Amino acid sequence: MALRKDTLYDIVVIRFVAIIIVVAFHAYGMMYADHFHALKHIYSQLYFTWNQCIFINVAMPMFVFVSGYLFAFLWRKGKYQNFWELVKNKVKRLLLPYFVFGLVMMATTSNFHPFNLLYGNYWHLWFLPMLFWCFVVAFFLSKYFVSLQSQVIIACVSFALALFFPFFPKILGFQYITRWFCWFYLGIIIYNYKDKLIVSIAKFRLEYILFIAYLAITIYKPTKYGDIYWYNVIAQVCIVVVLWYWVNKIDWHKIKIMQPIVSISNCSYGIYIFHNWIQMYLISSTAQRLLPLERWAAEHTILFPLCFFLLSFGISYVLTRLLLKTRVGRFLIG
């Protein structure tokens with residue numbers, strides 16, 4: 001199948017990388033959680049720093065960055081100009097799947113407390129209502145603040161707010177807006193000025209400076225996911241900009257393996273929704289009674305978590321593809 005010329009392949013690749021890291025983060029994280037209590041310390045020593053302090057601190061900002069980037073792309077094409085049409089679209093696209101899959105997950109994990117969904121922080125699905133509010137806030141900012149100066153000020157303020165403990169009430173994920181909107185807005189700014197940024201970065205070789213800054217901060221001050229300090233925010237900005245720039249420099253139409261990358265990237269929404277749910281079943285107490293998972297985990301500290309990650313990723317991908325063949329599936333995650 002020929003690749004389409006109008007597709008943002010830089011975003012396709014970034015989203016592909018991000019979803020792989022996120023699924024791996026939860027898979028490897030379960031190795032040093034309480035599923036195998038006797039092995040917790042061993043797996044923590046092996047994987048905690050890489051998993052909890054490095055990869056996920058890149059993947060999650062990238063995910064939100066992609067959403068902001070695509071918002072700016074579609075805004076420029078004339079979409080999202082009407083506020084109520086935007087809200088209607090995002091209720092269907094984000095809030096409805098959050099409630100539907102949240103209820104299903106609750107019902108199938110013996111934890112049925114549907115009113116808890118109103119907080120917007122249920123499992124990994126918290127990401128969906130958080131993005132809803134990012135779109136709402138971005139609509140007003142994009143409508144009334146169009147100059148470069150005003151956008152830079154807004155970006156600085158949003159990154160500054162990310163350093164503070166969330167102070168909004170826990171209502172449908174709105175509490176996360178101060179933590180994550182900065183990455184959404186970074187995506188908007190980079191899309192709006194991408195040509196100038198690419199020229200400037202290339203002219204002054206800024207990608208090397210930014211990458212070295214990222215490495216220096218990450219090596220000297222590795223920070224656990226969820227902990228926010230000014231220096232690790234700077235490191236994350238550096239690596240997100242560098243990765244976006246490097247991906248932009250590649251002609252993806254010449255890459256022979258692009259089709260499976262596109263396929264997985266297009267299914268990333270469903271993979272994100274299903275993967276943690278699938279992983280809980282694969283490593284549940286029932287699964288451990290049926291299979292000697294703890295013995296395998298003890299004997300194969302490299303191979304076991306890798307297979308666990310690949311299996312959960314593969315099942316989530318297949319489940320997404322199958323669901324997208326149905327009208328209900330296309331309505332919820334299409």
Side-chain angles (χ1 to χ4, degrees), residues 1-4 7-9 11-30 35 59-60 62-63 66-67 70 89-112 114 117 122-132 255-288 290-291 293 304-334:
M1 184 184 296
L3 298 179
R4 295 174 55 181
T7 300
L8 299 175
Y9 286 106
I11 295 304
V12 167
V13 174
I14 290 174
R15 191 166 53 195
F16 167 80
V17 173
I19 191 59
I20 288 176
I21 294 175
V22 168
V23 177
F25 167 72
H26 285 120
Y28 280 82
M30 287 184 177
H35 299 284
M60 289 307 294
M62 283 170 61
F63 248 142
V66 163
S67 296
L70 289 174
N89 178 278
K90 296 311 167 187
V91 166
K92 171 189 170 184
R93 178 70 174 163
L94 296 170
L95 295 188
L96 183 60
Y98 169 75
F99 282 106
V100 169
F101 291 109
L103 288 171
V104 173
M105 290 173 68
M106 283 183 171
T108 56
T109 55
S110 301
N111 184 34
F112 196 70
L117 291 172
Y122 183 66
W123 275 19
H124 63 296
L125 297 181
W126 66 267
F127 188 77
L128 307 187
M130 179 277 294
L131 271 187
F132 170 81
I255 305 299
K256 295 182 178 179
I257 61 169
M258 269 307 293
Q259 200 54 54
I261 290 176
V262 171
S263 178
I264 291 173
S265 182
N266 289 341
C267 290
S268 61
Y269 188 39
I271 293 171
Y272 182 86
I273 288 174
F274 293 126
H275 78 279
N276 205 209
W277 189 20
I278 298 297
Q279 288 169 351
M280 292 295 290
Y281 276 107
L282 291 177
I283 207 168
S284 65
S285 56
T286 301
Q288 292 188 45
L290 295 173
L291 297 168
L293 297 184
F304 181 82
L306 177 61
C307 291
F308 178 59
F309 152 64
L310 292 174
L311 183 60
S312 63
F313 190 94
I315 293 174
S316 301
Y317 172 71
V318 171
L319 187 58
T320 300
R321 290 294 300 268
L322 291 175
L323 191 59
L324 286 173
K325 294 182 182 296
T326 68
R327 290 183 63 183
V328 174
R330 289 191 295 272
F331 181 77
L332 288 173
I333 62 173

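Worth saying up front: this structure is predicted, and the values here are computed from it rather than measured.
Between the side chain of Y317 and the backbone N or O of S263, no donor-acceptor pair lies under 3.5 Å. Between the side chain of R93 and the backbone N or O of G334 there is at least one donor-acceptor pair closer than 3.5 Å. Judged by distance alone, with hydrogens and angles left aside, the side-chain atoms of S268 form a donor-acceptor pair with the main-chain N or O of S265 at under 3.5 Å.
Ring pair F308/F304 is parallel by interplanar angle, where below 30° counts as parallel and above 60° as perpendicular. In this pair, Y272 and F63 present their aromatic rings perpendicular. The plane angle is above 60°, beyond the 30 to 60° band. Relative ring orientation between H124 and H26 is described as perpendicular, the plane-to-plane angle rising above 60° on a 0-90° scale split at 30° and 60°.
Between N276 and M30, the closest side-chain pair of non-hydrogen atoms falls below 4.5 Å. Between R15 and V12, some side-chain heavy-atom pair lies under the 4.5 Å cut-off. Side-chain contact between Y269 and L94 is present, with at least one heavy-atom pair separated by less than 4.5 Å. Residues I315 and L282 form a side-chain contact, since some pair of their non-hydrogen atoms from C-beta on lies under 4.5 Å apart. Residues Y28 and L306 meet the side-chain proximity criterion, which asks for heavy atoms closer than 4.5 Å.
The distance from the CG atom of L125 to the CZ atom of F101 is 9.0 Å, given to the nearest 0.5 Å. Put simply, CG on L319 and CD1 on I333 are 7.5 Å apart, with the number rounded to the nearest 0.5 Å. Here the CD1-SG distance, from I273 to C267, works out to 11.5 Å after rounding to the nearest 0.5 Å. Rounding to the nearest 0.5 angstrom, the gap separating the CH2 atom in W123 from the OG1 atom in T109 is 5.0 Å. Note: L310 CG to I20 CD1 = 9.5 Å, rounded to the nearest 0.5 Å.
Residues satisfying the side chain to side chain contact (heavy atoms under 4.5 Å, CB included) criterion with M106, sequence neighbours excluded, are F112, N116, L117, Y122. Partners of T286 under the side chain to side chain contact (heavy atoms under 4.5 Å, CB included) rule, at least two apart in sequence or in another chain, are S284, R289, L290. Residues satisfying the side chain to side chain contact (heavy atoms under 4.5 Å, CB included) criterion with S316, sequence neighbours excluded, are I271, F274, H275, I278.
The minimum heavy-atom distance linking F313 with I264 is given by the pair CZ-CG2, 3.6 Å. Here the closest heavy-atom approach between residue V22 and residue M60 is recorded as CG2-SD, 3.8 Å. Taking all atoms of both residues into account, the shortest heavy-atom contact from A59 to I21 is CB-CG2, 3.4 Å. The two residues P114 and L103 make their nearest non-hydrogen contact at CB-CD2, 3.6 Å. Contact between V23 and S312 at its shortest, heavy atoms only, is CG1-OG, 3.8 Å. The nearest pair of heavy atoms linking L131 to S67 is CD1-OG, 3.6 Å.
When each of V262, I255, I14, I261 is checked for a side-chain contact (heavy atoms from CB on, under 4.5 Å) with Y9, only V262 meets the rule.
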